[in-house]
Trainee: 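Got a structure for you, written out below as structure tokens; questions coming shortly.
Naming convention: chains lettered A, B, ... in sequence-line order (proteins, then strands); numbering from 1 in each chain.
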Amino acid sequence: MKLLKGLFEDAPLATRREITPKLGLALTVLLAIVWLIPFLWMVVATLRPASDGINTMAELIPSAKPTLDNIRDAWEIGDFPRYFLNTTFICTGILLVQFVTITLAGFAFARLAFSGKTLIFYLFLMQLMLVPVLLIVPNLRLVAQLGLYDTLTGVMMPFFASAFGTFLMRQAFEAIPTELEDAALIDGAGLLQRIRHIYVPLSLPSFSAFAIISVTSHWNDFLWPLMVINSPDKRPLTVGLSVFTATAEGTQAWGTIAAGTLMVIAPLLITFLIFQKRFISSFVTSGIK
Amino acid sequence: MSLAEPAALPVATSAPPRLHALRRFAAGLKASLPAYLLLLPSLVFLALFTYGAMGRVFVDALYQRTTPKAPVRFVGFDNISAVLADASFTGAVVNNLLYAVGTAIPSIALALLFALALSRTNAVTSALRAALFLPVLIPMVAASALFLFIFLPNVGLLDYYIGHLLPVLPNWLGDPDIALYAIMIITIWKNAGYYMLFFLAGLQAVPEEVMEAAHLDGAGPFMRLRHIILPELRPTFLFVTVIATLNAVTQVDHVFVMTKGGPSNATNLVLFYIYQQAVEHYDIGKASAATLLTLAALMALTALSFRTLANREGGP
């Protein structure tokens, strides 16, 4: 599995020489512009006054008299601060529990010998292949039986363990020289102390890569929270946006839809633009998620 | 004293070997205890939501559960045959296969083009990579909201700018012959930048000396692409194909927001069918049967491709 191993390394993602002729680059530049058009339209439409009428709605050139009315309307129709809070709560909750579970399990796989190691390793590996999204029906029944239907805990719970995160931490912990641990062992540090004071601080880049992947994917989750959540005040951003879009679509309020979409995607996009390099190398790492 | 020791030795060796093994096993378990305790939190959640869910989906598929209060009835494989006989399920499978091929091939081809063109790092290529990667980060629901307007008949972006070049203005999401292709466009837009990253990573494995030598031998860019780069990227292709296939089955948020599986089931995909059976018709038996069939197909596919991948890398 040379490929998978390669993906786990922090790759700068560049070869030294140019590979395609100029024609390929020209085509790519053109396509990159096309790729940005939906975003461009979103911004332009958000700032376009409704008085411009539906016929100019598709114009990519900004209106001469930009307005913030659409943002105000979207803010009033949808409960965006609430959705934002719910999503933040879900992502943070999942991530905090995951940090504990993946650290402990990753350490066990990296540094301890135990009976049945291979078998348990394969059990973890299975989760990567099982595509959790498909297990929504049994998991919804379980969440209901646990009395967690229509709760944010119910939304979070299936993701508390992460095989991908465990493998990532195992990889990081294996790279730490055992001499460091031996020194702590002589000083009488217990297992959890060694994990906390040696392994965790030296693996912060892996934790941050995992955090990026975990938060991005759960920030964007739609189907599972849609099934678990019933109360409007517990909706995450994605579910809130879908309800908002369905309402505004009926009234042809495209400027408002654009404004709502902009509010939903802005936080993650801004974070990406600041930490671009980090994001990209984390996504390469996530290949086997 | 000195006599007791040699006497003790035969006693130990004469103990039944099975007991010996058992003792060793017990000692092994005891030594393994710390590891088990560390793995326990993860295993509890995996057991509940992954392995347990697998088991429950299998059991649920054997029972009829139609309303929350109705008595549960064992029906054996009736749910499975009912799903297989359901035209909207088989239709969803066909749609999903078409959708998988129609999204995987263009997005992988584009990803390769992007990676080749942007292989060198400088300010321009970094900006272009970011532009192509942006759609990966936004929720499918948000992408769908934007594309609802792009596909809007007459006034939408697509019709406004290029619709006039076509003989008739198509109803992108309303025409059963076109709607599935329209939602494919969103998926390609969203995923190509993601797959690009894997090709960029794969390109780094191409040995510099080989490229240099080919260059000196007078091999043009297309010769080098065909005979050096593409063969080197073979594992990446396989890997990205697996991910693209899984994505084709698991990304259905756009169907929810844009078409609800319509018009006349033209954009119904397997996961949306499962959702409909479970949430709209409250038929857990049928939803579970459909889940089971899909899981079996996907697992077989993934196992097969990973074995091929492992063989290729292990072999000559």
Side-chain angles (χ1 to χ4, degrees), chain A residues 2-3 7 11 13-15 18-21 24-25 28 32 35-36 38 41-42 54-55 57-58 101 104-105 107-108 112 114-115 120 127 129-131 133-135 137-139 158 160-161 166 191 216 220 222 227 238 241-242 245 249 254 257 261 264-265 268-269 272 276 280 283-284 287, chain B residues 28-29 32 34-35 38-39 41-42 45-46 48-50 53 56-57 60 113-114 116-121 128 130-132 137-139 141-142 145-146 148-149 155-157 160 197-198 200-201 203-205 221 235 239 246 250 253 257 274 278-279 284 287-288 291 294-295 298-299 302 313:
Chain A
K2 183 179 68 185
L3 172 74
L7 288 177
L13 283 181
T15 46
E18 203 159 341
I19 291 173
T20 42
L25 184 62
T28 302
W35 248 239
L36 286 177
W41 175 77
M42 176 182 66
I54 187 84
N55 290 323
M57 204 65 229
T101 57
L104 300 182
F107 180 81
L112 301 179
F114 53 95
S115 327
I120 299 177
Q127 199 218 10
M129 304 204 348
L130 267 178
V131 204
V133 192
L134 278 178
L135 294 168
V137 177
N139 284 343
F160 281 166
T166 303
L191 190 65
T216 310
N220 294 347
F222 171 69
M227 292 178 84
T238 48
L241 180 66
S242 78
T245 307
E249 197 195 342
W254 295 101
I257 292 180
T261 313
V264 169
I265 67 184
L268 213 53
L269 287 197
F272 167 71
Q276 228 189 93
I280 289 194
F283 268 81
V284 174
Chain B
L29 280 188
S32 306
L38 293 179
L39 290 166
S42 293
F45 291 113
L46 290 180
L48 284 175
F49 292 99
T50 306
R56 287 194 308 277
V57 88
D60 283 350
L113 169 78
F114 296 159
L116 290 171
L118 306 178
S119 56
R120 180 188 266 184
T121 315
L128 290 170
L132 294 163
L137 292 171
I138 74 170
V141 175
L146 298 177
L148 266 177
F149 182 76
V155 290
L157 266 176
Y160 189 85
L197 297 185
F198 299 112
L200 280 169
L203 282 176
Q204 293 185 111
F239 181 74
L246 292 181
T250 53
D253 305 354
V257 177
I274 293 171
V279 177
I284 300 294
S288 304
T291 308
T294 316
L295 270 178
L298 274 187
M299 281 176 75
T302 327
E313 289 203 66

Trainee: Look at Ala58(A), Ala161(A), Ala105(A) and state which one has the largest set of heavy-atom pairs under 4.5 Å with chain B.
Mentor: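 Among Ala58(A), Ala161(A), Ala105(A), the one with the most close pairs to chain B is Ala58(A).
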Trainee: Looking at side-chain heavy atoms only, is the closest gap between Leu38(B) and Leu191(A) below 4.5 Å?
Mentor: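 Yes; the side chains approach each other to less than 4.5 Å.
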Trainee: If you count heavy-atom pairs under 4.5 Å between each of Gly28(B), Ser42(B), Pro41(B) and chain A, which one has the most?
Mentor: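 Most heavy-atom pairs under 4.5 Å with chain A: Ser42(B).
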Trainee: After noting the C-alpha distance and the side-chain angles of Thr28(A) and Leu116(B), does the key distance pass the side-chain contact (heavy atoms from CB on, under 4.5 Å) rule?
Mentor: CA-CA 10 Å; Thr28(A) 302; Leu116(B) 290 171; over 6 Å; no
Trainee: Measuring heavy-atom distances to chain B, does Leu112(A) have an atom under 4.5 Å in its side chain, in its backbone, in both, or in neither?
Mentor: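 Just the side chain, heavy atoms under 4.5 Å.
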Trainee: Is it the side chain or the backbone of Thr291(B) that comes within 4.5 Å of chain A heavy atoms, both, or neither?
Mentor: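 The answer is the side chain of Thr291(B).
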Trainee: Could you check whether any side-chain heavy atom of Met57(A) comes within less than 4.5 Å of a side-chain heavy atom of Val155(B), counting everything from C-beta outward?
Mentor: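 They are not in contact (no side-chain heavy atoms under 4.5 Å apart), so the answer is no.
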Trainee: Given that the side chain runs from C-beta out, which part of Val279(B) has a heavy atom under 4.5 Å from chain A: side chain, backbone, both or neither?
Mentor: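 For Val279(B), side-chain heavy atoms alone lie under 4.5 Å from chain A.
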Trainee: Do you know the tightest heavy-atom contact between Ala287(B) and Val137(A)?
Mentor: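 Taking Ala287(B) first and Val137(A) second, the nearest heavy atoms are CB-CG2, 4.0 Å.
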Trainee: Under a 3.5 Å distance rule, please check whether Ser32(B) uses its side chain to pair with a backbone N or O of Ser115(A) as donor and acceptor.
Mentor: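 Checking the backbone N and O of Ser115(A) against the side chain of Ser32(B), a donor-acceptor pair under 3.5 Å is found.
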Trainee: Rounded at 0.5 Å granularity, tell me how far CZ in Phe160(A) sits from CG in Leu46(B).
Mentor: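 These two atoms lie 13.0 Å from each other.
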Trainee: Of the backbone (N, CA, C, O) and the side chain (C-beta and beyond), which part of Tyr160(B) lies under 4.5 Å from a heavy atom of chain A, both, or neither?
Mentor: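 The side chain, not the backbone.
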Trainee: Does the side-chain contact (heavy atoms from CB on, under 4.5 Å) test come out yes or no for Leu135(A) and Phe49(B), once each step is laid out?
Mentor: CA-CA 8 Å; Leu135(A) 294 168; Phe49(B) 292 99; over 6 Å; no
Trainee: Ring centroids only, cut at 6.0 angstrom: are Phe114(B) and Trp35(A) within range, meaning strictly under it?
Mentor: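 Yes.
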Trainee: Please list, chain by chain and in numerical order, all residues satisfying side chain to side chain contact (heavy atoms under 4.5 Å, CB included) with Thr245(A), sequence neighbours excluded.
Mentor: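 So Thr245(A) forms a side chain to side chain contact (heavy atoms under 4.5 Å, CB included) with Leu241(A), Ile257(A), Ala145(B), Leu148(B).
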Trainee: Phe283(A) and Phe198(B): which non-hydrogen atoms are nearest, and at how many Å?
Mentor: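 Minimum heavy-atom separation between Phe283(A) and Phe198(B): O-CZ, 4.0 Å.
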Trainee: Go through Asn139(A) and Arg56(B) one step at a time and tell me if the side-chain contact (heavy atoms from CB on, under 4.5 Å) criterion holds.
Mentor: CA-CA 9 Å; Asn139(A) 284 343; Arg56(B) 287 194 308 277; 3.4 Å; yes
Trainee: Using a cut-off of under 4.5 Å for heavy-atom pairs, which of Ala32(A), Pro158(A), Ala108(A) has the most such pairs with chain B?
Mentor: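 Winner by heavy-atom pair count: Pro158(A).
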Trainee: Are Leu36(A) and Leu132(B) packed together at the side-chain level, in the sense that at least one heavy-atom pair is separated by less than 4.5 angstrom?
Mentor: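 Side chain of Leu36(A) against side chain of Leu132(B), heavy atoms only: no contact under 4.5 Å found.
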Trainee: Using non-hydrogen atoms only, which part of Ala35(B) is less than 4.5 Å away from chain A: side chain, backbone, both, or neither?
Mentor: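 Both backbone and side chain.
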Trainee: Calculate, to the nearest 0.5 Å, the distance between atoms CG and CG belonging to Leu134(A) and Leu298(B) respectively.
Mentor: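 Going from the CG atom of Leu134(A) to the CG atom of Leu298(B) covers 6.0 Å.
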Trainee: Non-hydrogen atoms of chain B under 4.5 Å away: do they reach the side chain of Gln276(A), the backbone, both or neither?
Mentor: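 Only the side chain of Gln276(A) comes within 4.5 Å of chain B.
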Trainee: Asp60(B) versus chain A, heavy atoms under 4.5 Å apart: side chain, backbone, both or neither?
Mentor: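 The answer is the side chain of Asp60(B).
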Trainee: Could you walk me through whether Asp253(B) and Asn220(A) pass the side-chain contact (heavy atoms from CB on, under 4.5 Å) check?
Mentor: CA-CA 10 Å; Asp253(B) 305 354; Asn220(A) 294 347; over 6 Å; no
Trainee: Write down the atom of Leu25(A), the atom of Ala117(B), and the distance for their closest heavy-atom approach.
Mentor: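 For Leu25(A) versus Ala117(B), the nearest heavy atoms are CD1-O, 3.6 Å.
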Trainee: Output yes when a side-chain donor or acceptor of Ser242(A) lies under 3.5 Å from a complementary backbone atom of Val257(B), and no otherwise.
Mentor: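 Answer holds: no.
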Trainee: Between Ala53(B), Pro34(B), Ala131(B), Ala142(B), who has the most heavy-atom pairs with chain A when the cutoff is under 4.5 Å?
Mentor: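 Highest number of heavy-atom pairs under 4.5 Å: Ala53(B).
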Trainee: Can you list everything that forms a side chain to side chain contact (heavy atoms under 4.5 Å, CB included) with Leu269(A)? Sequence neighbours excluded, please.
Mentor: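 Testing Leu269(A) for side chain to side chain contact (heavy atoms under 4.5 Å, CB included), a comparison that skips the adjacent residues, returns Phe39(A), Ile265(A), Leu134(B), Leu137(B), Ile138(B).
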